[in-house]
Amino acid sequence: MTNTQVTLVQIDNYGPWTVTPDPRREADLQTMQSRLFADISQFVGNRGGYAFFTRFDNMIAVTNGCSLEEHALLQESVGNRYPVTLSLGVATGTSPVQALSDATERLQAAGSAQDKNRRECLEGRAIEDGYRTDDDIQIAHFDVINATGNYTDELNAFDTFIEIEQGYAELMRHMRYAHDSLSFFVGGDNVIVICPDLEEADYAEATAHVAEAVDVELQVGVGRGKSAHEAGFDAKHALETCRADGTRVELEWETA
Ligand SMILES: Nc1nc2c(ncn2[C@@H]2O[C@H](COP(=O)(O)OP(=O)(O)OP(=O)(O)O)[C@@H](O)[C@H]2O)c(=O)[nH]1
């Protein structure tokens with residue numbers, strides 16, 4: 001049974017900061033946001049977690065294995081090195097969507113994202129080490145079949161981007177509302193999805209849905225693990241099996 005620990009990362013009072021005392025140069029904001037994401041990804045990644053940039057002012061991480069003390073250390077380190085601070089909401093659930101909703105509610109209860117008195121809040125609970133299991137996380141790694149041949153080498157870079165984003169938009173909505181899962185674009189033609197306990201038929205249904213709706217063909221490898229890294233790594237290996245065998249869906253625990 002999955003037990004996903006999700007952390008919502010919110011930059012405190014960021015909207016007002018971007019325009020105070022005057023609007024700040026956009027390239028500087030983009031540089032700061034991407035460096036902050038890189039730091040959070042490295043911090044969480046070094047502890048076996050995954051972080052996703054999402055909207056940059058709000059980022060979402062899978063943090064099984066990260067204690068509340070470590071979350072506080074991330075806040076302190078960012079607060080010391082950046083012109084902004086972070087608030088963090090942490091929650092766990094068998095459904096990743098429910099866990100994120102709970103983490104979000106905890107931050108919302110502490111104050112608005114644009115409340116200048118809400119700074120460096122840390123709300124919620126982490127899973128205690130003794131309660132972690134080898135199938136706490138299920139991760140699906142989707143990619144567009146032959147994106148290079150069908151899009152990258154055929155269309156201009158912007159038209160390729162539109163096709164890939166269409167596939168992502170349809171997949172993220174479908175996985176959210178039909179399968180209680182959180183999907184994140186991670187670059188190229190790849191989408192990583194944090195799932196509850198889904199089965200091969202669910203993934204086959206999802207790829208068929210996206211093909212039917214927006215004519216983008218996907219393949220998917222799925223893994224399970226104690227941490228996001230372990231589950232995600234297995235998912236990558238399963239995706240390699242899709243590529244080698246020409247299959248649409250591979251579950252690592254069934255092919256291994
Ligand atoms: N984030 C991330 N991006 C990847 C990964 N593998 C590939 N990519 C990205 O996806 C792009 C396309 O690579 P592939 O998916 O291997 O190429 P493809 O043409 O779709 O070929 P097939 O996947 O074999 O059908 C690359 O340029 C990378 O940007 C991965 O594991 N993680």
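We count ligands from 1, going down the list as the structure has it; atoms in each ligand are counted the same way. Every heavy atom of this structure was used, including side-chain atoms; hydrogens, water molecules and symmetry mates were not.
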Identify whether the distance between the nearest side-chain nitrogen and carboxylate oxygen of D12 and R118 falls below 4.0 Å.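 Answer for the salt bridge query: yes.
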Check this for me: does any side-chain nitrogen of one of E252 and K236 sit under 4.0 Å from a carboxylate oxygen of the other?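 Not counted as a salt bridge, because no side-chain N and carboxylate O are separated by less than 4.0 Å.
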Looking at atom 26 (C) of ligand 1, would you say a protein heavy atom lies below 4.0 Å from it? no
Would you confirm whether any non-hydrogen atom of the protein falls under 4.0 Å from atom 3 (N) of ligand 1? yes
Against heavy atoms of [X], which atoms of ligand 1 measure under 4.0 Å?
X	answer
H141	30 (C), 31 (O), 32 (N)
V186	1 (N)
T148	17 (O), 18 (P), 19 (O)
Q219	22 (P), 23 (O), 25 (O)

Looking only at protein heavy atoms, which one is nearest to [atom], and what is the separation?
atom	result
atom 31 (O) of ligand 1	K236 NZ, 2.9 Å
atom 15 (O) of ligand 1	D143 OD2, 2.5 Å
atom 29 (O) of ligand 1	G188 CA, 3.3 Å
atom 5 (C) of ligand 1	N190 OD1, 3.1 Å
atom 10 (O) of ligand 1	D189 OD1, 2.8 Å
atom 24 (O) of ligand 1	R243 NE, 3.2 Å

Under 3.5 Å, which donor-acceptor pairs link side chains of residues 47-57 to any protein atom two or more places apart or in another chain?
from, atom 1, to, atom 2, distance (Å)
R47, NE, E70, OE2, 3.0
R47, NH1, F43, O, 2.8
T54, OG1, F52, O, 3.0
T54, OG1, I60, N, 3.4

Does only the side chain of I192 get under 4.0 Å from ligand 1, or the backbone, or both, or neither? Count heavy atoms. neither
When hydrophobic residues are tied together by side-chain contacts of less than 4.5 Å, even through go-betweens, does W253 share a cluster with V220? yes
Under 3.5 Å between any N/O of I145 and any N/O of ligand 1: does that happen in this structure? no
Heteroatom proximity flag, G149 to ligand 1, N/O under 3.5 Å: no
Between Q219 and Y203, do the side chains contain a donor N or O and an acceptor N or O under 3.5 Å apart?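 No - no donor-acceptor pair under 3.5 Å links their side chains.
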Main-chain N/O of V90 paired to T7 side chain as donor or acceptor, under 3.5 Å: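 Checked: no pair found.
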Between NZ on residue K226 and CG on residue D136, distance to nearest 0.5 Å: 8.5 Å
As an exercise, state the distance from CD of Q5 to OG1 of T63, rounded to the nearest 0.5 Å. 3.5 Å
Stepwise, does the side-chain contact (heavy atoms from CB on, under 4.5 Å) test hold for L100 with L182? CA-CA 9 Å; L100 176 63; L182 302 171; 4.1 Å; yes
Taking salt bridge (charged side-chain N to carboxylate O under 4.0 Å, His left out) as the test, write out the residues that go with E240, two or more places apart. R243
